[in-house]
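Notes follow once the structure below has been shown.
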Amino acid sequence: MSDAVLNQFTQTVYEEEKNSERRFKVGIIGTGWIAESHIESYLQMDDVDIVGVADLIPGKAEKFIARYNKDGKLDNVHYYPSHKELLDSEELDAVSVCTYNKTHAECTIYALEKGVNVLLEKPMCVTTEEAVEIMKAEKKSGKIVSVGFQPRGDENMKMVKKIVQSGELGEIYYIQTGGGRRRGIPNSTFIEEKTAGIGAMGDIGCYSLDMVLNAIGYPKPLTVTGYTSDFFGTNPLYNNPADAARFNVEDFAAAFVRLEGGIILDFRISWASHIDSPGDTIIMGKKGALRIPATECWNGEMSGPMTVYHDVAGEQVQTVIPLIESKGKGLFYKKCRSFLDAVANGDKAPVPTSEILYNQAIIDHIVKSAKLGKEIPVVIPEI
């Protein structure tokens, strides 16, 4: 192994704290489990006041705040039965949208119309058309929307992009990505079309797509051949019988996607299967290739070191990229902090909608292609 090659991808990570001189009035829409990570992050920030919380279920928001109000810091939080009443009543700088997928677009667009910056949990929404409407509202408002892909802050995930952008792999022509679980079907609002809209793709598939698409600069998707199934989610042998009876999203999806630049994306994701994982992520270039070990979620941490396959002095070699130790306050904190720093400094969103539009379009067109049973062009309305 060449030490010179390995040293390109070895680094020491220092936690960088940014403190703005302003205070932020923040609201939270939706108080399910993902909102816990948002409030825990905001409570670590001295410049944030959580002033309002909204949830459709009576009493849920109050119970949510009570769990975190250990020192009286949240005594003055106001509670609302809907996102509209929260946004109509409070003067907010920013809001976290933590609702189920089907309401992401509605809540985000209304917040932008009220002049509020949005940290929008993934997936961005459900359809391509919804993503476009969010972007139109964002452009009109002059505010920012950052989509909740906290893996962007992980140093190992950053290393994926660094390796690709370094040119070490040469021109990229083929990518295999996905992963998932042998058994790992969630419940609650995740498994019904009326709330989630999409299943495994919206929960964990969007993470793996973002990892590789971000690494290669988010080229536009051109065509999609998609497949989805629900064999495990609807089967009481593998899912809770009550949940199986109402399960109507996909628990497995696969696709063959043609991207601009002649790149082929081979994608598969699962909540359940008779195998531990549909496979590692592989990024193949004309000079080398990168293997990233599969994980169950791709929500921020890697399961093991990456390997670069390339030639050195005419010899075929493998360079193992050591995992970088995570430090600091965690990925969700970084996600929330980077969003607020962008708001304070007038910067672009850390995870901009202009990129995640393509992520959403791929997922949406997998669904559409699977229903038609054929390859379809990716159609994105003009913004």
Side-chain angles (χ1 to χ4, degrees), residues 26-30 32 34-35 38 54 56 82-88 90 92-152 189-190 193-199 201-203 205-207 209-210 213-214 218-221 224 335-336 338-340 342-343 346-368 378-383:
V26 174
I28 298 175
I29 302 173
I34 196 64
H38 286 251
L56 296 173
S82 73
H83 69 283
K84 289 186 176 180
E85 289 174 90
L86 166 63
L87 291 161
D88 287 346
E90 300 286 350
L92 301 173
D93 298 300
V95 66
S96 283
V97 173
C98 302
T99 60
Y100 49 77
N101 303 345
K102 272 289 189 78
T103 58
H104 279 190
E106 176 188 0
C107 295
T108 299
I109 291 170
Y110 196 79
L112 292 168
E113 290 173 346
K114 289 293 181 176
V116 179
N117 300 283
V118 180
L119 177 55
L120 172 58
E121 262 305 327
K122 61 80 197 168
M124 184 176 177
C125 47
V126 176
T127 69
T128 309
E129 291 73 20
E130 286 177 338
V132 168
E133 290 306 309
I134 288 173
M135 292 183 67
K136 287 180 178 179
E138 181 183 19
K139 183 178 180 180
K140 184 178 180 180
S141 71
K143 302 300 179 179
I144 65 169
V145 177
S146 188
V147 187
F149 286 93
Q150 70 277 357
R152 291 277 191 107
T189 61
F190 283 88
E193 195 279 336
K194 67 181 181 181
T195 50
I198 44 181
M201 287 189 290
D203 181 25
C206 61
Y207 280 136
L209 286 174
D210 185 65
L213 292 172
N214 180 49
Y218 257 101
K220 183 179 179 181
V224 170
K335 174 170 73 175
C336 296
S338 64
F339 163 64
L340 292 179
V343 171
D347 296 335
K348 73 172 188 176
V351 185
T353 56
S354 58
E355 294 177 354
I356 308 307
L357 168 65
Y358 291 160
N359 188 308
Q360 197 67 51
I362 289 172
I363 290 173
D364 182 31
H365 284 77
I366 290 172
V367 174
K368 292 174 178 175
V378 175
V379 179
I380 301 176
E382 186 175 347
I383 299 171

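Since the model is a prediction, treat every value here as computed from it, not as a measurement.
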(message) I'd like to know whether His38 forms a side chain to side chain contact (heavy atoms under 4.5 Å, CB included) with Lys335, so could you lay out the CA-CA distance, the side-chain angles of the two residues, the decisive distance to 0.1 Å, and finally the verdict.
(response) CA-CA 9 Å; His38 286 251; Lys335 174 170 73 175; 4.2 Å; yes
(request) Take Val116 and Asp93 through the test side chain to side chain contact (heavy atoms under 4.5 Å, CB included) and record every step on the way to the result. (result) CA-CA 6 Å; Val116 179; Asp93 298 300; over 6 Å; no
(request) For side chain to side chain contact (heavy atoms under 4.5 Å, CB included), just list the numbers for Val379 and Thr128, CA-CA rounded to whole Å, side-chain angles, deciding distance to a tenth of an Å, and then say yes or no. (result) CA-CA 8 Å; Val379 179; Thr128 309; over 6 Å; no
(request) Would you check, one step at a time, whether the test side chain to side chain contact (heavy atoms under 4.5 Å, CB included) holds for Tyr358 with Ile380? (result) CA-CA 9 Å; Tyr358 291 160; Ile380 301 176; 3.6 Å; yes
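Using a cut-off of 4.0 Å between Lys/Arg side-chain N and Asp/Glu carboxylate O, Arg152 and Glu355 are scored as salt-bridged. Between Lys102 and Glu193, at least one side-chain nitrogen of the basic residue sits less than 4.0 Å from a carboxylate oxygen of the acidic one, meeting the salt-bridge criterion. A salt bridge links Lys122 and Asp203; the closest N-O separation between the charged side-chain nitrogens and carboxylate oxygens is under 4.0 Å. Using a cut-off of 4.0 Å between Lys/Arg side-chain N and Asp/Glu carboxylate O, Lys114 and Glu90 are scored as not salt-bridged.
Of the residues listed (Leu56, Thr103, Leu86), the one engaging Ile29 in a side chain to side chain contact (heavy atoms under 4.5 Å, CB included) is Leu86, and it is the only one.
Taking 4.5 Å as the limit, some side-chain heavy atom of Ile356 sits within range of a side-chain heavy atom of Asp210. Contact annotation: the side chain of Ile366 approaches that of Met201 to within less than 4.5 Å [non-hydrogen atoms, C-beta and beyond]. The shortest distance between side-chain heavy atoms of Val351 and Phe339 does not fall below 4.5 Å. A 4.5 Å side-chain heavy-atom check between His365 and Pro221 finds every atom pair outside the cut-off. By the 4.5 Å heavy-atom criterion applied to side chains, Ile144 and Val343 are counted as neighbours.
Rounded to the nearest 0.5 angstrom, Ile383 CD1 and Leu357 CG are separated by 5.0 Å. Taking OG of Ser146 as the start and NZ of Lys348 as the end, the distance is 10.5 Å to the nearest 0.5 Å. To the nearest 0.5 Å, atom CD of residue Glu121 and atom CZ of residue Phe149 are 9.0 Å apart. Rounded to the nearest 0.5 Å, atoms NE2 (His104) and CE (Met124) are 11.0 Å apart. Summarising the geometry, atom CD1 belonging to Ile134 is positioned 11.0 Å from atom CD belonging to Glu106; distances are rounded to the nearest 0.5 Å. Atoms CD1 and CG, from Ile362 and Leu213 in turn, are 5.0 Å apart once rounded to the nearest 0.5 Å.
When only modelled atom types and interatomic distance are considered, Thr127 and Asp364 share no side-chain donor-acceptor pair under 3.5 Å. Tyr207 and Asn359 form no side-chain donor-acceptor contact under 3.5 Å, judged by distance and modelled atom types alone. Glu138 and Thr353 share a donor-acceptor pair across their side chains, judged by distance under 3.5 Å alone.
Across Ser82 and Ala54, no two heavy atoms sit closer than the pair O-CB, 3.5 Å. The two residues Thr195 and Tyr100 make their nearest non-hydrogen contact at O-CD1, 3.2 Å. Scanning all heavy atoms of the two residues, the minimum distance from Cys107 to Val97 falls at CB-CG1, 4.0 Å. Contact detail for Val118 and Ala111: the closest heavy-atom pair is CG2-CB, 3.7 Å. Between Pro352 and Pro350, the shortest heavy-atom contact is CD-O, 3.6 Å. In terms of heavy atoms, Cys125 sits closest to Ile198 at O-CD1, 4.2 Å.
Looking only at distances, a side-chain donor or acceptor of Ser141 sits under 3.5 Å from a matching main-chain atom of Lys143. With hydrogens and angles disregarded, no donor-acceptor distance shorter than 3.5 Å links the side chain of Asn101 to the backbone of Val126.
Cation-pi geometry between Lys84 and Tyr110 is met: under 6.0 angstrom from the ring centre, within 45 degrees of the axis.
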